Protein chains: 2
Amino acid sequence: MPELTPQLSLLLQSAALWSQLIKRADSQLSVHGISFTEFSILHCLSQAPLQQLSRIELANGVGLSASGVTRLLAPLEKIHLVEKAQVARDARVSLVKLSTVGAQIYQDARQTLGYCAEQFAAPLTPRQQEQLADLLARLA
Amino acid sequence: MPELTPQLSLLLQSAALWSQLIKRADSQLSVHGISFTEFSILHCLSQAPLQQLSRIELANGVGLSASGVTRLLAPLEKIHLVEKAQVARDARVSLVKLSTVGAQIYQDARQTLGYCAEQFAAPLTPRQQEQLADLLARLA
DNA sequence: TAGATATACTTGCATACTCAAGCATCTATC
DNA sequence: GATAGATGCTTGAGTATGCAAGTATATCTA
């Protein structure tokens with residue numbers, strides 16, 4: 001049995017870490033009634049100009065398929081965290097806009113996720129956290 | 001709108017990166033007829049003494065629930081990549097053992113995933129890869 | 001040694017996606 | 001300006017999980 005290459009063990013290592021992390025984030029966000037993916041949606045919207053994006057832009061932003069976005073957005077619309085809007089010059093696109101309520105939930109959830117992220121990053125010194133962010137940025 | 005904390009943006013950054021990575025790994029592994037999760041199963045087994053583990057150990061090893069393991073294992077058994085075995089002293093546990101065929105598929109898939117991991121890590125120098133592995137190890 | 005509790009699974013039901021196909025609309029070409 | 005192709009989105013069907021509840025077996029305690 002040959003040794004694992006460092007790159008492969010890096011990948012496996014990331015895998016284990018990630019699934020753990022997502023579970024923790026999801027469970028902590030559940031008090032706000034949203035999942036991590038839904039948080040990502042709200043986050044994307046909140047960063048967008050006018051706090052609105054087309055569904056395709058949103059899909060790219062959160063790394064989901066177009067159909068995934070459609071299905072994910074339905075419940076968020078139902079509870080009025082986001083709203084539909086139309087583009088005059090193109091009847092195909094259906095814009096998604098962060099509602100006032102949505103923006104508030106996002107802020108609250110961000111607080112919660114912030115704590116989660118702190119716990120996550122706690123084993124590292126601030127200097128190391130910077131390093132890690134830098135290394136990850138190079139990978140993207 | 002307050003600024004994102006560095007920890008939170010670290011978490012969001014990892015999220016985006018990870019979903020990308022898994023998709024690439026899955027698509028490259030598909031030529032061997034297995035998913036990344038299935039690869040993880042085979043990997044866990046191959047590292048275990050006697051190349052066998054109980055389903056619970058396997059679940060912990062790959063970060064899945066017990067039921068997830070049960071369902072994942074069914075098709076792997078059907079195509080004879082793994083085999084069932086029993087423990088004499090405890091009739092509850094059902095051991096899973098890597099078969100000869102399974103070990104072969106694992107080796108092949110590992111090769112493929114190795115390339116994938118290399119591509120992934122390519123933007124980093126070997127020194128940086130080491131650093132990254134070290135930082136991730138601290139997080140676990 | 002009988003019953004209570006814990007453990008190792010499995011199964012039913014729900015959720016969160018994906019891909020392929022379909023529909024509406026836009027754009028470009030002749 | 002008709003028609004062919006591209007684009008944005010939705011929907012149907014399938015896959016990959018998780019959680020809660022159920023079953024079988026083991027262990028502990030009175």
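Letters go in sequence order (proteins before strands), and every chain restarts at 1. All figures in this text were calculated on a predicted structure; none of them were measured in a lab.
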Using whole Å, report how far CG of L64(A) lies from C1' of dT10(D). 15 Å

Counting any heavy atom closer than 4.0 Å, what does G68(A) reach on the DNA or RNA strands: base, sugar-phosphate only, or nothing? base

Residues K78(A), E83(A); criterion salt bridge (Lys or Arg N to Asp or Glu O under 4.0 Å); working and verdict: CA-CA 9 Å; K78(A) 189 157 294 177; E83(A) 294 156 358; over 6 Å; no

Atom pair distance, as rounded to whole Å: CG in D26(A) and C1' in dC17(C): 13 Å

Rounded to the nearest Å, what distance is computed from the CG atom of residue N60(A) to the P atom of nucleotide dG8(D)? 10 Å

Measure from NZ on K23(A) to P on dT17(D) and round the result to the nearest Å. 10 Å

For a quick check of understanding: with a heavy-atom distance under 4.0 Å over all strands, which category does T37(B) fall into, base, sugar-phosphate or nothing? sugar-phosphate

Calculate the interatomic distance between R89(B) atom CZ and dA26(D) atom P; express it in whole Å. 10 Å

Tell me, for nucleotides 2-14 of chain C in 5' to 3' order, what letter each nucleotide earns: B for a base near a protein heavy atom under 4.0 Å, S for only sugar-phosphate near one, - for neither? ----BBSSBBBB-

Between L113(B) and A25(B), the two heavy atoms sitting closest are CD1-CB, 3.8 Å

Check: S30(B) side chain, G33(B) main-chain N or O, donor-acceptor pair, under 3.5 Å: no

Would you mind reading off the distance between F36(A) atom CZ and dC17(C) atom C1', rounded to a whole angstrom? 16 Å

Kindly write out the residues that satisfy side chain to side chain contact (heavy atoms under 4.5 Å, CB included) with Q86(A), not counting sequence neighbours, or none if the list is empty. none

Given atom CG of L72(A) and atom P of dC9(D), what is their separation to the nearest angstrom? 15 Å

Angle class for the F36(B)/W18(B) ring planes (parallel below 30°, perpendicular above 60°, tilted otherwise)? perpendicular

For salt bridge (Lys or Arg N to Asp or Glu O under 4.0 Å), just list the numbers for E118(A) and R24(A), CA-CA rounded to whole Å, side-chain angles, deciding distance to a tenth of an Å, and then say yes or no. CA-CA 12 Å; E118(A) 264 176 50; R24(A) 208 158 66 190; over 6 Å; no

What's the CD1-P distance between I34(A) and dT15(C), to the nearest Å? 17 Å

